[in-house]
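Residue numbering restarts at 1 for every chain, and letters A, B, ... go by the order of the sequence lines. Note that the structure is a prediction, hence the values are computed from the model and not measured.
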Amino acid sequence: MAVAEARHGPVVIEESVATRVLRVLGKAPVHVALAVIGVLWLMPTIGLLFTSLLTPTDAQAAGWWQVFSEPSIVTFENYRNIFSDDGIMGSLWVTAQVTLGATILPILVASLAGYAFAWLEFPGRDWIFLGVIALLVVPLQMSLIPIFELYNKTGLYDTILGLVFFHSAFALPFGIFLLRNFFAGIPRDLLEAARIDGASELRIFARVVLPLGIPAIASLGIFQVLFVWNDLLVGLVLAQDNQPIAPEIFSQLRQFGANLEIIAPAAFFSAVVPLTIFAMFQRYFVEGLLAGSVK
Amino acid sequence: MSSTGSSTVTAAPPVTEVPPPPSSRGKHAISLAFLAPAIFFLGVWVVYPAIRTLIRSFYSDRGGEFVWFENYEALFRDETIQTAIKNNVIWVLVVPAGVTALGLLFAVLTERVPWAPAFKVAVFVPLAVSLFAVGVIWRIMYQQDPDRGAINAGIVAVQGIFTEQGALTTAKPSTDALAGSPEGGLTLEKTVQQGGVALLGLTAIKAGELPAEPEQAVTPEATPDGITGVVWRDFKPGGGTPGEVEQDEVGLGGVTIKLRSAADGKTVDSTTSNADGSFAFEGLEEGDYRVAIGKETFSKPFQGFNWLGDQLITPALLIAFLWVQAGFAMVITAAGLAAIPRDLLEAARTDGGTEWQVFRRITVPQLMPVLIVVLVTQIIGVLKVFDLVVSIVPASRRDSATVIAVEMWERSFSGQNRFGFGAAISTFMFVLFIPFLVLNIRRFKREN
């Protein structure tokens, strides 16, 4: 700024303009660096989208960045094909059901437990909660083998319900932890007032705690939707004919070069759902990240 | 804080407005009702299987026989598992530090621009896409052929700016007079003195690399205090005589010619041939020289790095994972940055601290707890990594890029069904997480 003043003499207005110009110019490297990084970061995803718009022959012959060549080689043929592919559409439907179930169920169960840990009195409460915290880091690999055997015995193998239960259970430690902390922050007066009015605990939970807990519940829900929709491992192990979309495309991945025209559009289309949810509820997602970065 | 809070209330002397508390047995029944579903799901799907996996790891693969630590012994002797552990160690060393650094960089940079939200979304997108789709994305990016793989195409573009292309890609000497190979340069066997003329004949040149407007090769006149010569395509339709510059044989321009002292092999001078293939070194001292075609003349076109080959596969995976996780670190770090008291930064700046000093002495120490959270979260994530590895790595390369979680799946399922061995791998994984379990419990106890 001192430089600007010296150069431009005593005229006050000119000085401030010059200062502003200089300030903007001084930040130019930051703007350029961020713009370049931003484009680089988007490029792989765009690459997937563009690849999904090429015929197999074009995808073999040219890079995806050549989709804009003249005449245009863009085609929606691949998408038309996967939309009429029963296998892929079927697994998308399975994925949707599993995701819905495995999001609603743990939210319900975790809010009940979260409320109990935050506001109810029972012996050993803090110890049990410590147990829940301990379960936060138990890798789901610890459950795969026994649950695989259990499901084979009980007929839950390869069912939507089996996947819903598995995902729900593994969402609980984090869900209970997040909701208990959030519910604990609700002003006590509100709960006391309801208790004095003679409301049952269930009523207090449903009418006071749940509505106030919406932001935390939304965070948990979004995490769970993204996690379950995107899961590969659990679907791979516990399902076979009713596989969700990720394991379904995974089995096609063995011949990567040969069937890119199925893999690319299916992978991109399967990413559209989580991306949309993320775009719509970005705020809750970020808040959940901040609250839950212990997992 | 709530636990102590609510217990104080019940311990406090009864206030007239508060109705008498329900009998403690009824109260406990209510608590149990609230907890029962969670206990059921956690019990059946998490706690019971974990205990069973632990026990299972001491039994044979079919489950009938108690084998003590045999599965664990086999585990640590297994070469692929050793590779997996080694790879996981590389992941732990590189990814958390890299992610934290990227997150810090992005968070600090975005603080200074008004369009930060747009940038944040761009960096955040990979986090919403499944790691599996990310795998497909990077399979496309990493294709080896620079005409298809964007990463190698980018390398070609950058390389084109910084390196000059040679005149030819390959050639052979037309006679025994020239020795060597394109990779190391071709040298004339016989020494040359002042006034000498060097004939450098080449054959086996690709048709596409001949000059667009070929010029007849010309043998230059000898000069008294120099060495002259010609480099040409010693071949014409019909053959011709090797070693002689004939009618219709084409001069090769742009070839790097080196003049070396025959005594010590040092390069004395260097020049480039003219379009008719002729070249000249002038003003030389008396002595024996050797004339050579420099290896700079020959450049192999870039074939593309084999990102998915044994050598580069783990770095390739790490890059993809950093790409995904940078957004996570950025968001957490940005929130931490926003929480640093402005006064503290202002005070440091008023005291004459440069931006770098303020960053080093104030920002980073203040951010430390946040950075540690990012670091720890990443270590946990990296120890569990599975989707990305199986989806980017071609099945044939899996053994060199494998990690613990992949081995657990591979041995237990995917046809092998070695449940005892798989249970041992799972338990080993769990043991790796115990420090974080202790860390979480400690933190909880401190905060309450």
At a heavy-atom distance under 4.5 Å, which candidate from [options] has the highest pair count against chain B?
| options | result |
| --- | --- |
| A:I245, A:V138, A:D231, A:I128 | A:V138 |
| A:L191, A:L135, A:V272, A:L226 | A:L135 |
| A:L49, A:V39, A:L42 | A:L42 |
| A:G131, A:P123, A:S168 | A:P123 |

Where does [X] contact chain B at under 4.5 Å (heavy atoms): side chain, backbone, both or neither?
| X | answer |
| --- | --- |
| A:A279 | neither |
| A:I176 | side chain |
| A:F129 | side chain |
| A:I277 | neither |
| A:I145 | both |
| A:L34 | both |
| A:I222 | neither |
| A:T51 | side chain |
| A:F250 | both |
| A:F268 | neither |
| A:F50 | neither |
| A:F166 | both |

What do the steps show when you test B:D61 against B:F419 for side chain to side chain contact (heavy atoms under 4.5 Å, CB included), and what is the final call?
CA-CA 5 Å; B:D61 285 329; B:F419 286 165; 5.6 Å; no

Residues B:E407, B:R411: salt bridge by 4.0 Å N-O rule
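Yes, this pair counts.
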
Tell me, for [X] versus chain A, whether the close heavy atoms (under 4.5 Å) come from the side chain, the backbone, both or neither.
| X | value |
| --- | --- |
| B:V370 | neither |
| B:A405 | both |
| B:P394 | neither |
| B:K120 | neither |
| B:S391 | both |
| B:F386 | side chain |
| B:F119 | side chain |
| B:L322 | backbone |

Which pair of heavy atoms, one from A:S270 and one from A:I249, lies closest together, and at what distance?
OG-CD1, 4.5 Å

For B:W323, which of B:F124, B:Y142, B:F328, B:W138 qualifies under ring-ring contact (aromatic ring centres under 6.0 Å, His included)?
B:W138

Which of these, A:V234, A:I147, A:V237, sits in a side-chain contact (heavy atoms from CB on, under 4.5 Å) with A:L140?
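The residue from A:V234, A:I147, A:V237 that satisfies side-chain contact (heavy atoms from CB on, under 4.5 Å) with A:L140 turns out to be A:V234.
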
